[in-house]
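Each remark here refers to the structure printed beneath this line.
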Amino acid sequence: TNWHVVEKADHIKVKMPHDQTEYKAKLIGHDEETDLAVIKIDAGKSLTPTKVGNSDSVQVGEWAVAIGSPFGLEATVTAGIVSATGR
């Protein structure tokens, strides 16, 4: 998640898509400069991890999606098609 979202939190709760359960989360680490925070939950069951892309193997014409809350924006989603590599 983003650091600015959890930096002053007394407690952190996480919900997964298609699951209304609220899971308690623990802050594992953060980096203020890049506005990133790593949190951990114990769901008590197996979760399906998301597939993370590899920017070294991306090809022109592939879809790309970015999801997050950067720089004070809330719940942003950006989608597009890779038009070039190496820039």
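As the structure is a prediction and not an experimental result, all values here were calculated from the model.
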Atom [atom1] in [X], atom [atom2] in [Y]: separation rounded to 0.5 Å?
X     : Y     : atom1 : atom2 : result
Glu62 : Gln59 : CD    : CD    : 5.0 Å
Leu36 : Trp3  : CG    : CH2   : 11.5 Å
Lys15 : Gln20 : NZ    : CD    : 4.5 Å
Glu7  : Glu32 : CD    : CD    : 7.0 Å
Glu22 : Met16 : CD    : CE    : 12.0 Å

Using the side-chain hydrogen bond (donor to acceptor under 3.5 Å, both in side chains) rule, collect all pairs that involve residues 36-48, keeping only residues at least two apart or in two chains.
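Those involving residues 36-48 are Asp19-Lys45, Tyr23-Lys45.
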
Which heavy atom in Asn54 sits nearest to a heavy atom in Asp56, and how many Å separate them?
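Heavy atoms only, the tightest pair is OD1-N, 2.8 Å.
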
Return the minimal non-hydrogen interatomic distance between Ser83 and Val60, and the atom names on each side.
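Scanning both residues, the minimum pair turns out to be O-CG1, 3.8 Å.
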
Given Lys26 and Ile41, is the side chain to side chain contact (heavy atoms under 4.5 Å, CB included) satisfied, shown in steps?
CA-CA 6 Å; Lys26 178 181 177 183; Ile41 66 168; over 6 Å; no

Using atom types as modelled and distance alone, determine if a side-chain donor or acceptor of Asp31 lies under 3.5 Å from a backbone N or O of Ala37.
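The answer is no, because no donor-acceptor pair under 3.5 Å joins these two groups.
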
Please test Val65 against Thr78 for side chain to side chain contact (heavy atoms under 4.5 Å, CB included), starting from the C-alpha separation and ending with a verdict.
CA-CA 6 Å; Val65 178; Thr78 302; over 6 Å; no

Co-members of the apolar cluster containing Ile28 [side chain, <4.5 Å]:
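Members alongside Ile28: Val38.
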
